[in-house]
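No hydrogens, no waters, no symmetry mates; every other heavy atom, side chains included, goes into these values. In this text the structure is predicted, and so the values were computed from the model without any measurement.
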Amino acid sequence: MPQYAGTKQKVADVILEVENGKPVRVMRIEGSILTFDAKGHIHNDLIASGFAAMETYQALEEAAKQPAGKVVDISAKLNREKWERENRWTLSQADIDLITDDVWKRKRIDVAKVQRAIGAEPKPPTITYEAKEAMREIQDHVWRIDWKIEPQTEATLKGLAFEARKRAREDFDDPMWRGIAEAADRRREILARYRTRGRHLVCMRRTHTMGQRAQ
């Protein structure tokens, strides 16, 4: 969505129950905040936000399992609240009224209509039978690459990414080798995040144990 490039936007996700193509009931409305990069893309931000959502939620659950003591670590709670502030927002009743009036084409609220977010994705080309068959065979090989990358250690993934980029340069900047390097980098980032989170939980347990000894 290039019209939102370089901005943060409040977005309302509305799930409707539909009968015979017509809306019958609003099932859920959720507010989220999207961060668009310089080209109007949100893919990278969504990935980072998803990782942070899992990490902060799991850390909060682990903290809740710790026995009560004089020393209380509230970092997990603060981190989760920070993620909520940066990625979620609560719709007011006026916001909900605007949305429902737009869904059911009412005119009782004399304000600007809700703006529907429309992307600028170009029309996709016609996919031929030959293209579909080629994609099916390519997908099999992609899965095999994933199976080879996923069980590797951080050190192995670092070397794998380096070697893949080296081969890409030697083969006229081959995009397939660059893709393998990026896949290895992403997997290594995932492992590093889990490793960092594990250290944080160990530190929390040590702090709590010291507090109990002090008692």
#### Entry: Distance-minimising heavy-atom pair for Ile149 and Arg187
CG2-CB, 4.0 Å

## Note on the structure
Of all heavy-atom pairs linking Ile33 and Arg85, the shortest is CD1-O, 3.7 Å

### Query
Is there a side-chain contact between Glu84 and Lys82, using heavy atoms and a 4.5 Å cut-off?
no

#### Entry: salt bridge (Lys or Arg N to Asp or Glu O under 4.0 Å) contacts in which one or both residues fall within residues 27-41, not counting sequence neighbours
Arg28-Glu30

### Query
Where do Leu91 and Ile29 land on the side-chain contact (heavy atoms from CB on, under 4.5 Å) test, with the steps shown first?
CA-CA 8 Å; Leu91 283 78; Ile29 299 179; 3.5 Å; yes

### Query
In a check of side chain to side chain contact (heavy atoms under 4.5 Å, CB included) between Thr35 and each of Asp45, Ile42, Thr7, which one passes?
Asp45

### Message
Using side-chain contact (heavy atoms from CB on, under 4.5 Å), reason through Arg165 and Asp185 one step at a time and then give a plain yes or no.
### Response
CA-CA 11 Å; Arg165 287 192 172 89; Asp185 286 340; 2.4 Å; yes

### Task
Check whether more than 12 heavy atoms from other residues, nucleotides or ligands sit under 6.0 Å from atom OH of Tyr57, and answer yes or no.
no

### Query
Does the pair Glu182/Arg186 count as a salt bridge with the N-to-O cut at 4.0 Å?
no

#### Entry: Same apolar cluster: Met176 and Val142, side chain cutoff 4.5 Å
no

### Query
Is it true that Asp171 and Lys166 make a salt bridge, defined as a side-chain N closer than 4.0 Å to a carboxylate O?
no

### Shortest non-hydrogen contact from Glu19 toward Val24
CB-CG2, 3.3 Å

### Any Leu16 side-chain heavy atom under 4.5 Å of Val103 side chain
yes

#### Entry: Sub-4.5 Å side-chain heavy-atom contact between Pro23 and Glu17
no

### Query
Between the side chains of Ser49 and Asn87, is a donor N or O closer than 3.5 angstrom to an acceptor N or O?
yes

### Query
Nearest heavy-atom pair of Ala76 and Ala59: which atoms, and what distance?
CB-O, 3.7 Å

### Query
Thinking salt bridges, do Glu133 and Arg136 make one under a 4.0 Å N-O criterion?
yes

### Query
Do you know the tightest heavy-atom contact between Gly40 and Ala5?
N-CB, 3.7 Å

#### Entry: Steps toward side-chain contact (heavy atoms from CB on, under 4.5 Å) verdict (Phe36, Lys8)
CA-CA 6 Å; Phe36 293 83; Lys8 287 180 177 289; over 6 Å; no

#### Entry: Rounded distance (nearest 0.5 Å) linking atom CG of Asp95 with atom OG1 of Thr90
10.0 Å

### Query
In terms of side-chain geometry, is the basic nitrogen of Glu154 or Lys158 positioned less than 4.0 Å from the acidic oxygen of its partner?
no

#### Entry: Cluster overlap Val18 with Ile15, hydrophobic side-chain contacts below 4.5 Å
no

### Message
Less than 4.0 angstrom from a charged side-chain N to a carboxylate O is my criterion; do Asp173 and Arg178 meet it?
### Response
yes

### Query
Any side-chain heavy atom of Asp97 within less than 4.5 Å of one from Ile99?
no

### Query
Roughly how far, to the nearest 0.5 Å, is CH2 of Trp147 from CD of Glu150?
11.0 Å

### Query
Which value, rounded to the nearest 0.5 Å, describes the distance between Asp146 atom CG and Ile180 atom CD1?
10.0 Å

### Task
With side-chain contact (heavy atoms from CB on, under 4.5 Å) as the test, would you mind laying out the steps for Lys77 and Leu60 before giving the verdict?
CA-CA 6 Å; Lys77 181 175 182 292; Leu60 198 61; 4.1 Å; yes

### Message
Show the nearest heavy-atom pair for residues Leu191 and Gln152, with the distance to one decimal.
### Response
CD1-O, 3.5 Å

### Interatomic distance, Glu81 atom CD to Glu86 atom CD [nearest 0.5 angstrom]
12.0 Å

### Task
Please round to the nearest 0.5 Å and tell me the distance separating atom NZ of Lys10 and atom CH2 of Trp89.
6.0 Å

### Message
Are Tyr4 and Leu46 connected into the same hydrophobic cluster when the rule is that any two of I, L, V, M, F, W, Y join if their side-chain heavy atoms are below 4.5 Å apart?
### Response
yes

### Task
To the nearest 0.5 angstrom, please state how far the CD atom of Glu55 sits from the CG atom of Asn79.
10.0 Å

### Message
Hydrophobic clustering (ILVMFWY, side-chain heavy atoms < 4.5 Å, transitive) - are Trp104 and Val14 grouped together?
### Response
yes

### Task
Treat each ILVMFWY residue as a node, draw an edge where side-chain heavy atoms are under 4.5 Å apart, and state whether Trp83 and Leu78 are in one component.
no

